[in-house]
Protein chains: 2
Amino acid sequence: MRKRLTDFRKELVDLLDGRGLPLNVKEIHESAGDSDLSTVYRALEYLESQGMVRSIFVPCSCDRSKYYYSAGKHLHFLHCERCHSFYPVPCAGMKKMEKKILDDYRFSVTEHVLLFMGRCEKCRAES
Amino acid sequence: MRKRLTDFRKELVDLLDGRGLPLNVKEIHESAGDSDLSTVYRALEYLESQGMVRSIFVPCSCDRSKYYYSAGKHLHFLHCERCHSFYPVPCAGMKKMEKKILDDYRFSVTEHVLLFMGRCEKCRAES
DNA sequence: GAATTAAATGCAAACAATTCGCGTTTTGTG
DNA sequence: CACAAAACGCGAATTGTTTGCATTTAATTC
């Protein structure tokens, strides 16, 4: 038997897809019906292994847990260190960089993590 | 009294500087004399707040803890998912990207996290 | 240079995020 | 329909990290 993409797991993908922003496990758990936390962890692990979701660790004082987001479109995020909002930005210029890494270091990139920390427009105005 | 960069903390900076590669807390603790783990954590927190060291979270099965490295030169790293080695690469092209983010989103970047996962030359040959 | 005081350290306990074991339930497959 | 494999729920166990507090260290003031 080889079947893993259960309804619940699809639901998680839809959830992340719908939000379009990274959510941590707690938020996912709360938004995903009344399932067990370990089920959520197992689901996310599976989905990530299938390349359906991605995760990042955000080095911000607000939260030291992992954030998951849909891998549907390859996005990066801006994270405001003041209001802790995420802003998606398209992934651009990375292919070229990965090509250069292959040429220069003979290292073949399968994945990259890129996150920007800083201040969003609103917070820059307010402080 | 305002004094914080103790000998021990300097020692940690030197250690990370010397290695030139990210180390996790366990490795740092083992390499840093016989100090308490909490002292190591407090030291790293301080050093990071001072911008003397940086940290990244590596999304690799090998280890799910944080890695610290000297902020002396701004580097990024390649991480081989097979042998789990790190390879430093200079930070290039990011300034331009940050400029674009400021222009397009009015978001001012103070820091970025960039990590490449993949296969190193040796491992590509071996498997 | 001794007294004062703030910060650092070590140690043990507390936390919080994540994982594991296992009995039960669900769901493809023959 | 019976069987087998995987998913789920639940509780317990791990593990990375933080905290509280008594003690030590070191800068500052007199």
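Labels below follow one simple rule: chain letters A, B, ... track the order of the sequence lines, proteins then strands, and each chain is numbered from 1.
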> Does T39(A) place a side-chain N or O at less than 4.0 Å from the phosphate oxygens OP1/OP2 of dG9(D)?
Replying inline: yes
>> Could you tell me how far apart L37(B) (CG) and dT9(C) (C1') are, to the nearest whole angstrom?
In response: 13 Å
>> In this structure, how many angstroms lie between the P atom of dA8(C) and the CG atom of L44(B), rounded?
In response: 14 Å
> With sequence neighbours left out, what residues match Y67(B) under ring pair (Phe, Tyr, Trp, His ring centres under 6.0 Å)?
Replying inline: F86(B)
> Atom CG of L5(B) to atom P of dA27(D): distance rounded to whole Å?
Replying inline: 11 Å
> So, R19(A) and E27(A), do they make that salt bridge, N to O below 4.0 Å?
Replying inline: no
>> Among residues at least two apart in sequence or on other chains, which ones pass side chain to side chain donor-acceptor pair (under 3.5 Å) with E111(A)?
In response: none
>> What is the distance, to the nearest angstrom, from the CZ atom on F57(A) to the C1' atom on dT17(D)?
In response: 10 Å
> Rounded to whole angstroms, how far apart are CD on E48(B) and P on dT17(D)?
Replying inline: 12 Å
>> Of the listed nucleotides (dA8(C), dT9(C), dT18(D)), which one gets closest to any side-chain atom of Y41(B)?
In response: dT18(D)
> Taking ILVMFWY side chains as joined if any heavy atoms are under 4.5 angstrom apart, and letting links pass through other members, which residues group with L44(A)?
Replying inline: L5(A), F8(A), L12(A), V13(A), L15(A), L16(A), L23(A), V25(A), I28(A), L37(A), V40(A), Y41(A), Y46(A), L47(A), M52(A), V53(A), Y68(A)
> Quick one: does L115(B)'s side chain get under 4.5 Å of F57(B)'s, heavy atoms only?
Replying inline: no
> Any side-chain heavy-atom pair from S55(B) and E48(B) closer than 4.5 angstrom?
Replying inline: yes
> Rounded to whole angstroms, how far apart are CD on Q50(B) and C1' on dA8(C)?
Replying inline: 15 Å
>> So for the helix from dG1(C)-dC30(D) to dG30(C)-dC1(D), with five pairs setting each end axis, what is the inter-axis angle to 10°?
In response: 30°
> Between the side chains of H76(B) and H112(B), does any donor sit under 3.5 Å from an acceptor?
Replying inline: yes
>> Quick test of your reading of the model: are D103(A) and K99(A) salt-bridged, counting only N-O distances below 4.0 Å?
In response: yes
>> What is the distance, to the nearest angstrom, from the OH atom on Y46(A) to the P atom on dA5(D)?
In response: 18 Å
> Checking all strands, does K66(A) fall into the base, sugar-phosphate, or nothing category for heavy-atom contacts under 4.0 angstrom?
Replying inline: sugar-phosphate
> Just how far, in rounded Å, is P of dC8(D) from CD of E45(A)?
Replying inline: 12 Å
>> Tell me which pairs pass side-chain hydrogen bond (donor to acceptor under 3.5 Å, both in side chains) where either residue lies in residues 114-125 of chain B, with sequence neighbours left out.
In response: R119(B)-S127(B)
> Which sits closer to the 5' end of DNA chain C, R9(B) or Y68(A), going by the nucleotide each is nearest to?
Replying inline: R9(B)
> How would nucleotides 20-30 of chain C be written as a contact map, 5' to 3', with B for base contact, S for sugar-phosphate-only contact and - for no contact, using protein heavy atoms under 4.0 Å?
Replying inline: BB-----BB--
